[in-house]
Amino acid sequence: MALRKQMHAEQQLKALYEQAQSYAFEYADGAAERTVFPAPEAIADLDQFIEDMPNSGGDATSILQQLHRYGSPASVAQTGGRYFGFVNGGIIPVTLATKWLTDFWDQNTALQVMSPITSKLEEVCERWLKQLLGLPQTTVAGFVSGTSSAIFCGLAAARLRIYKNLNWHFNQQGHNGAPPIRIITGRDTHGAVVKAIALLGFGLDNIEWVEGDEQGRIDRGQMPELDASCIVILQAGNVNSGAFDPFDEICDNANDVGAWVHIDGAFGLWAGGTERLKHLTKGMEKAHSWSVDGHKTLNTPYDNGILLCRDKEALITALQASGAYLTSSYGEQRDGMMYTPEMSRRARAVELWAALKYLGKSGVDELVYGLHQRAVQFADELKQANFTVHNDVVFNQVIVSPSDDDNITQSILEQIQASGECWAGSSVWKGKKVIRISVCSWVTSDQDISRSAQAFIKARDFICTK
Ligand SMILES: *Cc1c(COP(=O)(O)O)cnc(C)c1O
C-alpha cells in the first residue's frame, strides 16, 4: 500500500514530470554543441547502471537524476543536426510534444472501443497517406513499429493472396505440400526484406536475385519472366545510394500476370508525397503493398512504421488467421489491430497525424526536398575537396570515399567519428569501403553541412599527412 500511496502522490504533485521536463530542456539546449558521438568517459560511466536488481524500491527523483546524469551524455546527439549515420531521422517539435501529451493518455489502440480517439486518427492518417502518396482507393494502413514489421505484414498478405490464387488456403494448409511461390528481389534489397522472407518460410535459397545497375537499381533487362506465383519486392530508396527501382514497367508486368509487388520505401517512399521528387516513384501506385517509416524521412518519433496494402482482405486474413473480423465491430469502426500482427499497441499514429497536419502537403515537399538539397550540398563540397562521390545524389544519400585504399578510408572515417563534429558510418559499395552519409533531419542546416564537410576534409588531411 505504501507504494501505491507514493505513486498517487507523485502523480498528483507532478514534480517528477517537471523534473523530467527540466532535464529534457537542458538536454535539448546542449544537443547542438556537444560531441555528436558520446565521449569515451560518458560511455565508461555507463557502468554506473550495473548493479543487481534492487530488493526494495527506489526513489523516483533519484532514478531520473541518475538517468540524466549518466544516460543523457551517453546518448548520440541525433537531434543536433550533424548526425548522418545509418538512415535515421530527426524529430519535429510538434510530434514530440504530441508524444508527451499522448503518453499521459496511455491509450491502447488495438480496438476502437479501447480508444475512440486513436482509432479516429488512424483512420485519418490512412486517408491522408493515400491522398499524399497517390495510392489506390482500396488501400488500408497498418500502424506498426517500423518498416521491418511493415515488410513482414506486406509479404504475409502477398503470401495469402498468391496462394489463394493458386487454390491453396495458406492459413489452413500451411507450407507442407504447397505449390511453390517464387520470390524475386534486387541484389541490393534491404536486410529487413531478407529477414521477412526467411521468417515467412519462403527460404533464402529460393530467392531469384536480380542484378542491379551502377546505382543499385534493379536492372529491368535482368528481370525474370513473371507469373501468377511471383512475389516481387522492389525498393524506393537504396540504403546506400538512395536509388529507386524502376516501378512502372515491373508493376505493369506483374499486374498482367497476377503477381504481387511489394515496395519497400522505408525512407524513400516519401518522395512520392512531394512535388519536386515524385518522379522517382513513378508507377509505385501500381504495386500491391508498401512499407514506409514515419520515423525516418518524415521525422516523427521512433516506433512509427506503416504498412499500406491495397488488398484489405488478404492483409486482414493473413494477420488475424481467422474470419473473426467479419463479425466484430469491423466495418463501421476502425479496429487498428486488424491491420497489424500485434494486439496491444501504443497510439503511434497520433504522432504521425500531428506530423502530417503540421506539414501539410507543401511542408512534406519542403522537408523532403530540403533533405535532398543538403545531401547535394554535402556531395558538392566533398567533390570539390577531391573526395570521390560514388552515387547520383537523387535523394538524401551520399556515398563517398576519400581514398582508393580501404584501410585509409577506414582510418579517415574513424578520425571523423572521433572528432565529435559529426557522425557518419561506413558501408561497402561495389566492393569498396565507403563512407555513407544520410541527411535525415529537418534540423540540419547549410552551415551544419559545411561544418561537417570541413570535418571530413580535416580528417582526411590529418590521416594523409601523418
Ligand atoms: C530502415 C530500413 C528498413 C528497416 O526499417 P525499421 O523501421 O528500422 O524496421 C527497411 N528497409 C529500408 C530500405 C530501410 O532504410
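Since the structure is predicted, the reported quantities are computational estimates derived from the model, not experimental observations. When a ligand or atom number is given, it counts from 1 through the structure's own listing order.
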> What is the closest protein heavy atom to atom 10 (C) of ligand 1, and at what distance does it sit?
Replying inline: His190 ND1, 3.3 Å
> Between Phe37 and Tyr83, does the ring centre distance come in under 6.0 Å?
Replying inline: no
>> Show the atoms of ligand 1 that are less than 4.0 angstrom away from any heavy atom in Ala192.
In response: 10 (C)
>> If the cut-off is 4.0 Å to any non-hydrogen atom of Val239, which atoms of ligand 1 fall inside it?
In response: 15 (O)
> Looking at atom 11 (N) of ligand 1, what's its closest protein heavy atom, distance included?
Replying inline: Asp264 OD2, 2.7 Å
>> Distance check, rounded to the nearest 0.5 Å: Lys282 atom NZ versus Leu280 atom CG?
In response: 12.5 Å
> Would a line drawn from the ring center of His68 to the ring center of Tyr27 be shorter than 6.0 Å?
Replying inline: no
> Quick one: does NZ or CZ of Arg348 land under 6.0 Å from the six-membered ring centre of Phe143, within 45 degrees of the ring axis?
Replying inline: no
> Would Arg182 count as a cation-pi partner of Phe202, with NZ or CZ less than 6.0 Å from the six-membered ring centre and within 45° of the ring normal?
Replying inline: no
>> Please find the pair of heavy atoms, one from Gly216 and one from Lys430, that lie closest to each other, and give the distance.
In response: N-NZ, 4.3 Å
> Which of the numbered atoms in ligand 1 are below 4.0 angstrom from a heavy atom of Lys296?
Replying inline: 1 (C), 2 (C), 3 (C), 4 (C), 5 (O), 14 (C), 15 (O)
> Any idea which atoms of ligand 1 are less than 4.0 Å away from a heavy-atom of Gly146?
Replying inline: 7 (O), 9 (O)
> Numbering the atoms of ligand 1 from 1, which are under 4.0 Å from a heavy atom of Asp293?
Replying inline: 5 (O), 6 (P), 7 (O)
>> Below 4.0 Å, non-hydrogen atoms only: which portion of Ser148 touches ligand 1? Side chain, backbone, both or neither.
In response: both
>> Show the atoms of ligand 1 that are less than 4.0 angstrom away from any heavy atom in Phe267.
In response: 15 (O)
> Which atoms of ligand 1 are found less than 4.0 Å from any heavy atom of His295?
Replying inline: 7 (O)
> Closest heavy-atom contact between Pro402 and Phe387?
Replying inline: CB-CE2, 3.4 Å
> Based purely on interatomic distance, does Thr147 place a nitrogen or oxygen under 3.5 Å from a nitrogen or oxygen of ligand 1?
Replying inline: yes
>> Taking the ring of His295 and the ring of Tyr302, is the distance between their centroids below 6.0 Å?
In response: yes
